[in-house]
Amino acid sequence: MKINELARKLGISARTIRFYEQNGLLPGVEREDNRYRVFSDEDVWRLQTIIALREAGMTVKDIREVLESESAQHTVTDRERLRYYLELQQALLAGQWLEMRRMAETTSQMLELLQKEQELPLQEFFELAQQARQLRELRQHWRDHWNFDQRASEHDQQVHTDRAAYPGYNEVLTHTATSVRAAQGERGLDLGTGTGNLAGKLLAQGAHMAGIDQSREMLKQCRSKFPALDVRVGNLLSIPYDDRSFDFVVSSFAFRYLAEPELPLALTEIRRVLKPHGRICISDIMPDEASASVSSPIIVLQNWLEQHDYMLQRTSPYAGVFTLLAVPIRPSSSR
DNA sequence: TTTCTCACA
DNA sequence: TGTGAGGA
């Protein structure tokens, strides 16, 4: 098949097909004596895959990597790699979607200011822009360091042997799962689910659980341990789920990875994916008394939650660990 | 018709 | 990440 026929068939320009070939997405296309390209059935399949992945917004570079060793025999690892790249894409798009939404919001705020101010509110515009940029940089920062993967294989031993990093691991998980009081059929989300130990307990209680984690290795193990668990690659600052998806959000030993300015952002995200009546239950290490200041993580969490009309219950399932249960006083109307 | 290169957004 | 022009 020659290039124009193929282009017509697939609904893209011949120019684009050449462009893909040039960029290494279509290796080994045959030529006739006159240098015309001849596309095989294999090439056609490949091109269709490319078009599909482009439609998902994947970059040409990423597609090249996905298709790299993918040859005639579709092996298990090809499937794994494709899945991995699609998951990365999903996480990336979740971030961009939030970013777009934030831009739309900033625009609305600017219009509002313009409406009610006599003078041109340039100073306010500038301040809005500053805030917006800070938000973006915080989210951006996360994307840079998501290589938790090495630790995944030892994770399940480590949580039981490393008492300093995971004090009372099992007790804390059980306590967290109990505190949130999951009802049959409720939908819950576990943030930083790791290999799914907390989510697994809630599954056993009859909840429908989803989870996110940074590490695809963790998620791989998680899937084999709990096939019923819906896990995605993502981080706490841009959660790859829709608004109002969950009745509750839980998290254990994950919030420690957030820097202080990231905490409110994570909570805003949590509130976004929660249904209006949704509750939150977070467990992690308590900072020791000496370093506990006004800005200690748990205080920041408490303050934010109280300011946003949550009723709090703080317990300590184990020495040095806190569990914070937050239930909305009245269903939050916005977001 | 198709290919290739240069330039452009 | 493509596209348009123009010569071969």
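Quick note on labels: first sequence line is chain A, next is B, and so on, each numbered from 1.
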Phosphate oxygens OP1/OP2 of [N]: is one of them under 4.0 Å from a side-chain N or O of [X]?
X: A:Arg54; N: C:dG2; result: yes
X: A:Arg18; N: C:dT1; result: no
X: A:Tyr20; N: C:dT1; result: no
X: A:Thr16; N: C:dT3; result: yes
X: A:Arg37; N: B:dC4; result: yes

Between [N] ([atom2]) and [X] ([atom1]): distance, integer Å:
X: A:Leu6; N: B:dT3; atom1: CG; atom2: C1'; value: 16 Å
X: A:Ile17; N: C:dT1; atom1: CD1; atom2: P; value: 17 Å
X: A:Arg31; N: B:dT1; atom1: CZ; atom2: C1'; value: 14 Å
X: A:Ile3; N: B:dT3; atom1: CD1; atom2: P; value: 5 Å
X: A:Glu55; N: C:dG2; atom1: CD; atom2: P; value: 10 Å
X: A:Ile12; N: C:dT3; atom1: CD1; atom2: P; value: 9 Å
X: A:Gln22; N: C:dT1; atom1: CD; atom2: P; value: 13 Å
X: A:Glu21; N: B:dC4; atom1: CD; atom2: P; value: 8 Å

*Would you kindly check whether a donor in the side chain of A:Arg15 faces an acceptor in the base of C:dT3, or vice versa, at under 3.5 angstrom?*
yes
*asked:* Determine whether a donor-acceptor pair (one donor, one acceptor, N or O, separation below 3.5 Å) exists between the side chain of A:Tyr36 and the base of B:dT1.
replied: yes
_Among A:Glu32, A:Glu21, A:Glu30, which residue satisfies the salt bridge (Lys or Arg N to Asp or Glu O under 4.0 Å) criterion with A:Arg37?_
A:Glu21
_Quick check on the 6.0 Å ring-centre criterion: do A:Tyr169 and A:Phe253 meet it?_
yes
*Counting N and O atoms only, with roles assigned by atom type, does the side chain of A:Glu186 sit under 3.5 Å from a partner on the main chain of A:Ala183, one being a donor and the other an acceptor?*
yes
*When you measure from the side chain of A:Asp162 to the backbone N and O of A:Gln158, does any donor-acceptor pair fall under 3.5 Å?*
no
*Is A:Asp62 paired with A:Arg54 through a side-chain N to carboxylate O contact shorter than 4.0 Å?*
no
*So which nucleotide does B:dT1 pair with, by the Watson-Crick or G-U wobble rule with both distances under 3.5 Å?*
none
